[in-house]
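Have a look at the structure below, then the notes.
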Amino acid sequence: MTAHSWQKSSFSADAANCVYVAAIPDGTVAIRESDEPDVVLTMQPDGFRALLHGVKAGEFDHLTA
């Protein structure tokens, strides 16, 4: 995999479950989780924006234990 400039979420702090985001040169956005760094999700910026809005609005809160 190509090396990307990953940025860690500011909400991750020093926790073990960190979310990283990278802008890919082809215009897509990549996200990964620190526990499985080889698993990378890529999406278009509009999809990433929709994901962020959903997370902030609590649309996925029912998925947490």
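- Closest approach of Trp6 to Val40, counting heavy atoms only: CH2-CG1, 3.9 Å.
- Across all non-hydrogen atoms, the minimal contact from Ser5 to Ala22 is O-CB, 3.7 Å.
- Residue pairs that meet the side chain to side chain donor-acceptor pair (under 3.5 Å) test with at least one member in residues 48-57, sequence neighbours left out, are Asp46-Arg49.
- In this structure the side chain of Thr28 reaches within 4.5 angstrom of the side chain of Gln44, judged on heavy atoms.
- Here the closest non-hydrogen pair linking Arg32 and Pro37 is CD-O, 3.7 Å.
- Of all the heavy atoms in Ile31 and Phe48, the pair that sits closest is CG2-CE1, 3.6 Å.
- Listed by chain and number, the residues in a side chain to side chain donor-acceptor pair (under 3.5 Å) with Thr42 amount to none (sequence neighbours excluded).
- No continuous path of hydrophobic side-chain contacts links Val39 to Leu63 [ILVMFWY only; heavy atoms under 4.5 Å].
- Shown here for Val29 and Pro45, the closest heavy-atom pair between the two residues is CG2-CA, 4.2 Å.
- Across Phe60 and Gly54, no two heavy atoms sit closer than the pair CE1-C, 3.6 Å.
- Within 6.0 Å of CD in Glu33 there are more than 12 heavy atoms belonging to other residues, nucleotides or ligands.
- Cluster membership check: Met43 does not share its hydrophobic cluster with Val19, using side-chain heavy-atom separations under 4.5 Å among Ile, Leu, Val, Met, Phe, Trp and Tyr.
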